[in-house]
Enquirer: 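Dropping a structure here in structure tokens format, bear with me for questions.
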Amino acid sequence: MKLGFLVDLHLCMGCKGCEIACKVENEVPLSTWRLRVKYVDVGTFPETKRTFTPLRCNHCENAPCERICPVSALHYIENGIVNIDKERCIGCAGCIMACPYGAIYIDPETQTADKCTYCAHRIASSMMPACVVACPVEANIFGDIEDPTSNISKYIMQHNGDVQVRKPEKGTNPHHFYVGGGNVTLNPLASFRAEGHSLFNEMKHLPIGGHH
Amino acid sequence: MVHESLAATNAVVTLDVALPGIVWGWIITMNMWAKSIGTGVIFMLFYLLKKYPNEAGAYRLPVTVISIVFIHMFLFFTVIDLHQIFRFWHIFFHPHFTSAIAIGSFLATGFVGLLFLLAFAIFIKKDDELFDKVLLWTTVLAIPVTLYTAALMAQSTARELWQMPTESAQMILAATLSGSAVILLMDTFLNKLSDAAKRDMGIILAFSALSAFILYMAELVFGPMKAEEVAAVLAYVTNGGEYQAMFWIGQVTAFIVPFVLVTLSIVNNNQNILKLAALSAVAGLWVVKHVWLVIPQLLSMS
């Protein structure tokens, strides 16, 4: 069994229900995020549209974070999830340097690395990840990518040609897929991210540890 | 940072969370700078003892002390950069040997052990023969100790700028640059080296400076032609980028000034200029390392 995730960006409406569900389920501290939804506005008025991209750990088959971790705090579990042992982590931040997707952060409360685990604790109890349950439009599809009868495998087969991963050139083989993605939604270099106040919030970089 | 965006697309991030800033900062710069000196002086002592055994003998103890001091500075900054400082021992009891950090920790520990053996041989036993035998193995081990940080940077998959073949060359050159510079500065106080030995140190310093400068310039000019992320990162040191001034201050101080001063010293047979070159190289190396460490971290990964 190899668990994977697929987000259909045609369906996502940017409600951020998944973000909140993740925060609550995993008690993610303020200023840090295991899962976030990024809004990118495209075009010039009146020809504009808004895109929504949920971003989380890709649980790569060839995970750079697992390779660089000096103490195996980041490790694979049998179902393919890249999990983290916060009791073992020494907080060297090597994983943050290695992750091409910016999915890992230092938890300001425990001073250890943290990231999305596909809710490994829920899966162990045969439950779906919290973000999947919370999504009102079923844009999140989760399941076994080695089982051709699973929902995610069927979805990938049905949308063959429109399924993408982020930064495939890195050779990480992500187990996280997008349907309906494009350069603007999946490539951070393809959009302008200005520091300062935007339409909704202040966009900025935090100092080490994620403290304000 | 806009690199691939098109004017027609006009893609702008309008809602996003605050992203982590620079995670590996000046503490890691200190780590790399101190390690370059700690291993570099060992390389230079080995060379001097082979070529100038009589005059270099007086440098056995001082070089050992300098190396021990700087390697411990390196270890100190390594440990204080950890967010969980008191879990450092996990590396030795739960090592994960695909990680350059784990391998480097064992190599550095072995290197420290050999340095103390050197100190024992020269300070307690006063046995030059034993010292020279141990120095051979210390010099051999100094090579991977110098290189493992390059391996760590190469394993940092997200940071396209840090490529293994180039970084390994830069680490060795940083060691020979700072090692020869520190030996020249030590000679200000010890005054035991002949003009020929000092000239050799000057040539090593100048060669290291020139080679490192060529590598940086090659990356600056040709890197952006190979990878979009490299182009986006190098924009921070070109065309008015926020680290442009610091980058060039480092290049001039670490490489250009020492190279010119060593050349002047050899042409004019003036040994005093070598000390200025050495001072400039040691100070400039810190700036060069810092800029190269920080700029890839300014780029948003997602």
Side-chain angles (χ1 to χ4, degrees), chain A residues 14 31 33 36-44 50-51 55 64 66-73 88-94 96-103 105-106 111-112 166 170 172 183-184 187-194 198-210 212, chain B residues 1-25 78 81-85 87-91 93-105 152-153 155-160 162 227-229 231-232 296-302:
Chain A
S31 310
W33 309 81
R36 73 184 212 261
V37 181
K38 187 169 81 168
Y39 287 18
V40 180
D41 286 9
V42 185
T44 306
R50 179 161 293 155
T51 67
L55 300 164
E66 188 272 345
R67 185 168 53 234
I68 206 169
C69 180
V71 294
S72 298
R88 186 176 285 190
C89 176
I90 61 174
C92 68
I96 297 174
M97 291 296 121
C99 176
Y101 310 105
Y105 59 91
I106 296 291
Q111 291 296 311
T112 57
R166 291 158 69 196
K170 297 286 185 184
T172 54
N183 197 33
V184 163
N187 180 356
L189 296 179
S191 56
F192 183 67
R193 187 184 192 277
S198 183
L199 286 176
F200 303 107
N201 69 340
E202 183 187 6
M203 281 186 287
K204 59 183 180 180
H205 283 86
L206 295 172
I208 297 169
H212 273 298
Chain B
M1 172 58 57
V2 185
H3 191 66
E4 274 198 4
S5 70
L6 300 170
T9 310
N10 191 24
V12 179
V13 179
T14 46
L15 178 59
D16 199 6
V17 301
L19 297 176
I22 294 165
V23 177
W24 281 355
T78 303
D81 191 60
L82 300 179
H83 288 79
Q84 285 287 353
I85 294 174
R87 291 186 189 171
F88 183 74
W89 60 271
H90 285 196
I91 293 182
F93 288 89
H94 305 288
H96 185 219
F97 286 114
T98 62
S99 168
I101 300 173
I103 294 171
S105 300
L152 172 60
M153 294 171 92
Q155 284 192 325
S156 299
T157 312
R159 320 294 157 174
E160 197 89 34
W162 303 334
E228 57 174 332
E229 280 182 27
Q297 299 177 58
L298 301 173
L299 199 65
S300 294
M301 291 287 112
S302 57

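Worth knowing before you read on, the calculation uses all heavy atoms, side chains too, and leaves out hydrogens, waters and symmetry mates. Residue numbers start from 1 in every chain, and the chains themselves are labelled A, B, ... in the order their sequence lines are given, proteins ahead of strands.
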Enquirer: With a 4.0 Å cut-off on N to O distance, would you call A:Lys38 and B:Asp16 a salt bridge?
Expert: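 No, A:Lys38 and B:Asp16 are not salt-bridged.
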Enquirer: Is any side-chain heavy atom of A:Lys170 less than 4.5 Å from a side-chain heavy atom of B:Glu229?
Expert: yes
Enquirer: Checking heavy atoms, do the side chain of A:Phe200, its backbone, both or neither come under 4.5 Å from chain B?
Expert: both
Enquirer: Side chain, backbone, both or neither: which part of B:Ile103 has a heavy atom under 4.5 Å from chain A?
Expert: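 Looking at B:Ile103, nothing touches chain A.
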Enquirer: Okay, side chain of B:His83, backbone of A:Gln111: is any donor-acceptor separation there less than 3.5 Å?
Expert: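 No.
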Enquirer: Under 4.5 Å, counting heavy-atom pairs only, tell me which of A:Pro64, A:Gly102, A:Ser72, A:Gly14 racks up the most with chain B.
Expert: A:Ser72
Enquirer: Which bit of B:Trp89 is near chain A, if near means a heavy-atom gap under 4.5 Å: side chain, backbone, both or neither?
Expert: neither
Enquirer: Count the heavy-atom pairs under 4.5 Å between each of B:Thr98, B:Thr157, B:Leu298 and chain A, then report the option with the highest count.
Expert: B:Thr157
Enquirer: Which one of B:His94, B:His90, B:His96 satisfies the side chain to side chain donor-acceptor pair (under 3.5 Å) criterion with A:Arg88?
Expert: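 So, applying the side chain to side chain donor-acceptor pair (under 3.5 Å) to A:Arg88 and each of B:His94, B:His90, B:His96, only B:His94 qualifies.
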Enquirer: Which bit of A:Leu55 comes within less than 4.5 Å of chain B, counting heavy atoms only: side chain, backbone, both or neither?
Expert: side chain
Enquirer: Verify, without hydrogens or angle tests, whether A:Ser198 (side chain) and A:Ala194 (backbone) share a donor-acceptor contact under 3.5 angstrom.
Expert: no
Enquirer: So which residue, A:Cys89, A:Gly94, A:Ala73, A:Ala103, ends up with the most heavy-atom pairs under 4.5 Å with chain B?
Expert: A:Cys89
Enquirer: Kindly say whether B:Trp24 contributes a backbone atom to a donor-acceptor pair with the side chain of B:Gln297 at under 3.5 angstrom?
Expert: yes
Enquirer: Under the criterion side-chain contact (heavy atoms from CB on, under 4.5 Å), which of A:Arg193, A:Lys204, A:Met203 is the partner of B:Leu19?
Expert: A:Arg193
Enquirer: Under a 4.5 Å heavy-atom cut-off, does chain B meet the side chain of A:Val71, its backbone, both or neither?
Expert: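 Both backbone and side chain of A:Val71 come within 4.5 Å of chain B.
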Enquirer: Quick check on A:Cys92 against chain B: is it the side chain, the backbone, both or neither that has a heavy atom closer than 4.5 Å?
Expert: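 Both parts, backbone and side chain.
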Enquirer: Is it the backbone or the side chain of A:Arg36 that comes under 4.5 Å from a heavy atom of chain B, or both, or neither?
Expert: side chain
